[in-house]
Amino acid sequence: MATIILDSWREGLEKISLTRLQVDMLGKSLRASKMNVDALLDDKKVTIEIDDIDLANEFLKAAEEIGVNCKLLID
């Protein structure tokens, strides 16, 4: 199991892309994905657990490319 922590965001964050990334890649609901983005924009850390480590690495890379400062923890 892997845990991704979305720590903060950089200027130019692609909010819609981050929402879509969670829906498309992780299968999260639109509502849950938007709540995560809103929490991140409110300077709260967001924790996402992913069973597949390869998927977690892929998500991490994509999230960083669209303006999220995040880290991966492997359990």
Side-chain angles (χ1 to χ4, degrees):
M1 166 116 18
T3 302
I4 293 184
I5 300 174
L6 309 179
D7 283 324
S8 59
W9 55 279
R10 298 184 297 278
E11 187 161 333
L13 170 68
E14 299 174 27
K15 300 180 290 188
I16 294 171
S17 295
L18 180 55
T19 301
R20 284 186 186 155
L21 185 66
Q22 294 175 78
V23 170
D24 295 342
M25 191 176 285
L26 303 179
K28 292 200 168 289
S29 70
L30 181 60
R31 179 183 170 130
S33 298
K34 187 174 180 331
M35 287 174 57
N36 285 343
V37 172
D38 289 343
L40 184 65
L41 292 173
D42 286 339
D43 295 323
K44 297 176 183 168
K45 292 183 191 251
V46 176
T47 302
I48 300 173
E49 292 187 356
I50 303 172
D51 291 330
D52 184 332
I53 296 201
D54 293 330
L55 179 61
N57 279 314
E58 189 177 333
F59 179 85
L60 178 78
K61 181 179 177 186
E64 288 179 337
E65 287 176 1
I66 59 175
V68 181
N69 297 319
C70 47
K71 61 186 170 189
L72 173 65
L73 304 174
I74 299 174
D75 299 336

- Message: Check this for me: R31, atom CZ, are more than 12 non-hydrogen atoms of other residues, nucleotides or ligands nearer than 6.0 Å?
- Response: no
- Are R20 and I16 close enough that some pair of their side-chain heavy atoms sits under 4.5 Å apart? yes
- First locate atom CG of D38, then atom OG of S33, and finally report the distance between them rounded to the nearest 0.5 Å. 11.0 Å
- Message: Under 4.5 Å between side-chain heavy atoms, counting indirect links through other Ile/Leu/Val/Met/Phe/Trp/Tyr residues: same cluster for I50 and I53 or not?
- Response: yes
- Decide if atom CE of M35 counts as having more than 12 heavy atoms of other residues, nucleotides or ligands within a radius under 6.0 Å. no
- Task: Mind checking the CG-CE spacing from L73 to M1? Nearest 0.5 Å is all I need.
- Result: 12.5 Å
- Message: For F59, run the side chain to side chain contact (heavy atoms under 4.5 Å, CB included) check against L26, D54, D52, V68 and tell me which one passes.
- Response: L26
- Compare every heavy atom of K34 with every heavy atom of T19, then report the nearest pair and how far apart it is. CG2-N, 4.1 Å
- Within one Ile-Leu-Val-Met-Phe-Trp-Tyr cluster: L55 and L60, side-chain cutoff 4.5 Å: yes
- Output for pair (T3 OG1, D75 CG), nearest 0.5 Å, gives 4.5 Å
- Message: Could you walk me through whether V37 and Q22 satisfy the side chain to side chain contact (heavy atoms under 4.5 Å, CB included) test, starting with their C-alpha distance in whole Å, then the side-chain angles of each, then the deciding distance to 0.1 Å, before giving a yes or no?
- Response: CA-CA 10 Å; V37 172; Q22 294 175 78; 3.7 Å; yes
- Query: Are I66 and I5 joined in one hydrophobic group, where the rule is that I, L, V, M, F, W and Y side chains link up if heavy atoms are under 4.5 Å apart?
  - Reply: no
- Query: Is V23 reachable from L40 through a run of I, L, V, M, F, W or Y residues, each pair having side-chain heavy atoms under 4.5 Å apart?
  - Reply: no
- Query: How long is the span from the OG1 atom in T47 to the CG atom in L6, to the nearest 0.5 Å?
  - Reply: 8.0 Å
- Given side chains that start at C-beta, do those of L18 and N36 come closer than 4.5 Å, heavy atoms only? no
